[in-house]
Undergrad: 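Have a look at the structure that comes next, please.
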Number of protein chains: 2
Amino acid sequence: MNLTVAEENYIKAIFHLQQAEGNVSTNQLAASLHTKPASVTDMLKKLTNKNLLNYKPYQGVRLSKEGKKQALMIVRRHRLWEFFLVDKLQFGWDEVHEVAEELEHVSSKKLVEKLDSFLGHPKFDPHGDPIPDVHGNMVAIRQFNLIDIQPGTLVEVCSVGSQSAELLELLRHKNIGISTEMLIMKKFDFDHSVEIKIKNSQHINISQQLAQALFVKLV
Amino acid sequence: MNLTVAEENYIKAIFHLQQAEGNVSTNQLAASLHTKPASVTDMLKKLTNKNLLNYKPYQGVRLSKEGKKQALMIVRRHRLWEFFLVDKLQFGWDEVHEVAEELEHVSSKKLVEKLDSFLGHPKFDPHGDPIPDVHGNMVAIRQFNLIDIQPGTLVEVCSVGSQSAELLELLRHKNIGISTEMLIMKKFDFDHSVEIKIKNSQHINISQQLAQALFVKLV
DNA sequence: AATTATTTTTAGACAAATCTAAATAAATTA
DNA sequence: TAATTTATTTAGATTTGTCTAAAAATAATT
Ligand SMILES: [Mn+2]
Ligand SMILES: [Mn+2]
Ligand SMILES: [Mn+2]
Ligand SMILES: [Mn+2]
């Protein structure tokens, strides 16, 4: 089961997109891979023939058992290399992604396992994301309550503390959703409100109640 | 000037084949790259258009100035990764070539320079071959074929003539490696074999074929 | 329910890198 | 020199991964 670089990039993208919600749509994939929907359809057929995913035309797609196994190994390589770049080569945590995007496709089993040993079997990559082990197992994601984050930290929303319509209304109004990236600017002692800066947007203020309802991971 | 993996492999192969002198032939290249002469001709035209080499139909090929520069950077990456694999990941020197063959194509400038620093700017790879520096310069050592050394001379192995698993297996069996010191004892005219004495070890006999695959420097 | 808009798939084309088979040039031998 | 062998190039196909434009299916509106 040898995969090309393109196939691996598709598998990994599907893996990440299907994490939260059900089937992954063609358009979602096209956007995520910076390609066109027609190209995605072609590749989905090819990966289906390789039994890496379950695909029904117009119904979107999910990884098969084998596909998920492959995805976990790609993610493992990606995150191990990110750890290496930051921990050994003194890269900044914000400069490693593109390089790891290439290194992840060097798939020598021996290389990956020896690298893992050399690094001391790290459990998290520089962004706080868990690194799957040889068997594809990873520890639950490192998630923090936004209220506990220190100013200057860049975070990404990964879940909310309730599903209440009131909370979701407020989040929509403030343009905050799952995977929104934000920089924590300042915390005010008076009312425990938090000033944040959403990526490509303005500074806004978040109440104590709202901050307590948001769970984030380090980016 | 962004090169594909295939283009880089061609450039590197031409670089190594033209070392001796003279133009590199289409057939030589096809053999070296395990491809067909027709494919080589196609690629030579393409690389000529990119001004990486000077090619006249039927006359063979040489790298241009720019081509040589590119080649030296590919060789630099290859050898730095080989050093990394042996020195940091505990690979055997006979297991690194294939992996380095892939890693050499990850061409982030920043990655290569930081890796070089991390490794302590090594001057030689695990096979005794010199590693070009950032500017493409590499130390020149006066290197002789063991078959040409006169009896009574003390030498040190500094590189091997091929990376084949068969050669490396034989060397391991005879306990010969890079930087092994040996005294040349006697040369036999009958089969051109050579008797040597490895430092702190016994006298052993080396076949003509093996002697021709070993490069040494005077100690 | 009918119309409109969106999403997805199909059809056809293209560039990269390879191959086989045939044609041509160069080198060798007679 | 002429014939033969070897090396190289051309011609035409194939695979992979991509694209645009058009058709078909699904979803959203009126
Ligand atoms: Mn990638
Ligand atoms: Mn990461
Ligand atoms: Mn290579
Ligand atoms: Mn080497």
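Values below: every heavy atom of this structure, side chains too, minus hydrogens, waters and symmetry copies. Protein chains get the first letters and strands the later ones, always in sequence-line order, with residue 1 at the start of each.
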Undergrad: Would you say the side chains of B:Ser159 and B:Gln143 form a donor-acceptor pair under 3.5 Å?
TA: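 Present: a donor and an acceptor within the cut-off.
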Undergrad: Could you tell me the separation between the CG atom of B:Leu29 and the P atom of D:dT8, rounded to a whole number of Å?
TA: 10 Å
Undergrad: Round to the nearest Å and state the distance from A:Gln59 atom CD to D:dT26 atom P.
TA: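 Result: 7 Å.
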Undergrad: A:Gln28 has an atom CD; how far is it from atom P of C:dT6, in whole Å?
TA: 17 Å
Undergrad: If only side-chain N and O atoms of B:Asn27 are considered, is one of them under 4.0 Å from the OP1 or OP2 phosphate oxygen of D:dT6?
TA: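 For B:Asn27, the contact criterion (side-chain N or O under 4.0 Å from OP1 or OP2 of D:dT6) is not met.
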Undergrad: How many Å lie between NZ on A:Lys56 and P on C:dT9, as a whole number?
TA: 13 Å
Undergrad: Taking the six-membered ring of B:Phe91 as reference, does the cationic atom of A:Lys114 (NZ for Lys, CZ for Arg) lie under 6.0 Å from its centre and within 45° of its axis?
TA: yes
Undergrad: Provide, to the nearest angstrom, the distance between the CD atom belonging to B:Glu7 and the C1' atom belonging to C:dT18.
TA: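 Taking atom C1' of C:dT18 as the reference, CD of B:Glu7 is at 14 Å.
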Undergrad: Whole angstroms only, please: what is the CG-C1' distance between B:Leu3 and C:dA16?
TA: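 Taking CG of B:Leu3 and C1' of C:dA16, I get 14 Å after rounding.
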Undergrad: Check this for me: A:Lys174, atom NZ, are more than 12 non-hydrogen atoms of other residues, nucleotides or ligands nearer than 6.0 Å?
TA: yes
Undergrad: Over how many whole Å does the gap from A:Asn23 atom CG to C:dT8 atom P extend?
TA: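 It works out to 11 Å between those atoms.
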Undergrad: On the nucleotide C:dT7, are OP1 or OP2 found under 4.0 Å from the side-chain N or O atoms that A:Ser25 carries?
TA: no
Undergrad: Among the candidates D:dT26, D:dT9, C:dC19, find the nucleotide nearest to the side-chain atoms of B:Tyr58.
TA: D:dT9
Undergrad: Please confirm whether the shortest side-chain N or O distance from B:Thr26 to OP1 or OP2 of D:dA7 is below 4.0 Å.
TA: no
Undergrad: With a 4.0 Å cutoff (strictly under), does any side-chain N or O of B:Lys36 reach OP1 or OP2 of C:dT18?
TA: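 Result: no.
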Undergrad: For B:His105 and B:Asn9, which I'm curious about, is there any donor-acceptor pair between the side chains at under 3.5 Å?
TA: yes
Undergrad: Minimum heavy-atom separation for A:Leu63 to A:Gln18, with atom names?
TA: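 It is N-OE1, 3.0 Å.
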Undergrad: Please work out whether the ring planes of B:Phe118 and A:Phe84 are parallel, tilted or perpendicular, with thresholds of 30° and 60°.
TA: perpendicular
Undergrad: A:Leu85 and A:Ala100: which non-hydrogen atoms are nearest, and at how many Å?
TA: CD1-N, 4.3 Å
Undergrad: Between atom CE in B:Met43 and atom P in C:dA15, what is the gap in whole Å?
TA: 16 Å
Undergrad: Polar-atom pairs under 3.5 Å, protein N or O versus N or O of nucleotides 10-16 of chain D: list them with distances, or write none.
TA:
from: D:dT10; atom 1: OP2; to: B:Lys45; atom 2: NZ; distance (Å): 2.4

